[in-house]
Peer 1: 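Before anything else, here's the structure in question.
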Amino acid sequence: MQELVVNYQRGQRTKCLELLFKIKAMRILSVSAALALVMLQAGCLTRSVTVAGSLPTPLVQRIPASIGIYYSEEFKSFEHKEALPESGSYRIDLGGQNLDFFRNLLGAMFAEVIEVNQPSVQEGDNLDAILIPEIVKYGFLVPTVSTLTFFEASIEYQITVLDRSGKDLGQLRIVGYGKAEGAMFGSGEAVGEATMLAIRDGGARIATELSPRIAALLADPEETKGLAQ
Amino acid sequence: MIGNMAGKWLIMLSLLLSGCVTSRIEQSRDTATAMAAGDAIVILGRASYNDRETEESFTDCIVDELSSGGNPITLVPQKEFKDDLYPWFEPRTAPTSAEDLSRLFAEPGVRDRIDESNIKYLAWIEGDTVTTDKGGSMSCTLSTFGGGCFGMSYWEQDASYEASIWDVDKLTTAGQISADASGTSYIAGLIIPIPIIARPGNAACKGLANQLREFIVGGG
């Protein structure tokens, strides 16, 4: 009889321990979930954004000139990293898409385009000019910062123009801007889309605004109006 | 039988939970319109650099409505059109009036590219849906003994859009159609939250798309 009571008590204790273990496990799970949620809220995660999109060929009058283009390593692999206090860290890789876009754009703007390895005129180069595009500034805004309902991005480009003798004729500067509608769970995607639209806008300005200026400059190297020295 | 019953219940429930929307469609015609076999139109959302812009979902809705049904219209996708005519239909460079088209068509290749696509009309969609009022309060609690929501909240939305139809051959505005819709949505918390959602944007889309179809095909 006594043994029975002891066994019963032991059984009850085991059940209690199992229950306690289950409660602990549940508590750990809920604490982990809450922690993950807090981390997500606080923006502890880094969003890796790869910019992608179509590469339209501009429908513009080709400038009858042979142009050398120097793309620096920084331009080719441009990346922007930024930590925003309210929405986490972003790593935006826009170099590849930007380079493809420029190759397509400038290839359609001039009769002949040659990529050169140095930002200067070399002996034997039979070029009318060398263009050196650079990304001077890149920035983006998310709705938590801007209080607007969409994501925005802007890119400032600088294009240095060298004449056939290597003389620096000055710089052309343009800013491309893009905005994209926000998505509930895809802020990285929206930043990528806004960036792509900024590249596209920059390209549109180069094709429509800079193209005539470059054409005028090639026709008359003294015509440096509108160029920053 | 059970599936049929469930379907009826679902329709009844969705009708019960749909909020009321009032909408008004207006049209003004400047020139006669007609679509021959093979002719196409493009629906373009007007983009701007200010804080308001036509939502992509709205132009997508118009496209879905026009390309479906008994009398579908041939549409050239907006993205394809903008890529083919890059950089002339970007937010910064897009023509703002039908008269601007003649300036644009002077650019090399533009006219040919539009003719190749058999585009007869461009329909620019402008406008947006905004929340004009909201209020009420609702709180939800969750505890080990259960949970529930109590209270009521509401929001009023106003959708206002305008389609401007440009005749690509005549380089003139064929007409305008405007759609205004407003509705109030509610969420009532009676232990479980019961949403009664009004969708003025959807009503404006359907109204505008139907009128646009009638405008272009109908001829006037």
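To find a chain, count down the sequence lines: A is the first, B the second, and so on, and within it residues start at 1.
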Peer 1: Counting only N and O atoms by type, is there a donor-acceptor contact under 3.5 Å from the side chain of B/Tyr86 to the main-chain atoms of A/Leu55?
Peer 2: no
Peer 1: Tell me which of these, B/Ala47, B/Pro91, B/Gly109, has more heavy-atom pairs under 4.5 Å with chain A than the rest.
Peer 2: B/Gly109
Peer 1: Hey, could you give me the CG/CG distance between B/Asp83 and A/Leu59, rounded to the nearest 0.5 Å?
Peer 2: 12.0 Å
Peer 1: Got a sec: does the CD1 of B/Ile191 have more than 12 other heavy atoms crowding it under 6.0 Å?
Peer 2: no
Peer 1: Measuring from B/Glu53:CD to A/Thr149:OG1, what's the distance to the nearest 0.5 Å?
Peer 2: 9.0 Å
Peer 1: Just by distance, do the side chain of A/Glu181 and the backbone of B/Glu56 share a donor-acceptor pair under 3.5 Å?
Peer 2: yes
Peer 1: Apply side-chain contact (heavy atoms from CB on, under 4.5 Å) to A/Arg200 and B/Arg92, showing your working.
Peer 2: CA-CA 11 Å; A/Arg200 212 180 150 105; B/Arg92 194 183 294 280; over 6 Å; no
Peer 1: Which bit of B/Lys82 comes within less than 4.5 Å of chain A, counting heavy atoms only: side chain, backbone, both or neither?
Peer 2: both
Peer 1: Under 6.0 Å from the CD atom of A/Glu209, do we count more than 12 heavy atoms belonging to anything else shown?
Peer 2: yes
Peer 1: For B/Pro87, run the side chain to side chain contact (heavy atoms under 4.5 Å, CB included) check against A/Leu105, A/Asp201, A/Thr208 and tell me which one passes.
Peer 2: A/Thr208
Peer 1: I'd like to verify something: which residue of A/Gly178, A/Pro56, A/Pro58, A/Gly203 has the highest number of heavy-atom pairs under 4.5 Å with chain B?
Peer 2: A/Pro56
Peer 1: Are there more than 12 heavy atoms of other residues, nucleotides or ligands under 6.0 Å from atom NZ of B/Lys134?
Peer 2: no
Peer 1: Surrounding CD of A/Glu74 (heavy atoms of other residues, nucleotides or ligands, distance under 6.0 Å), is the total greater than 12?
Peer 2: no
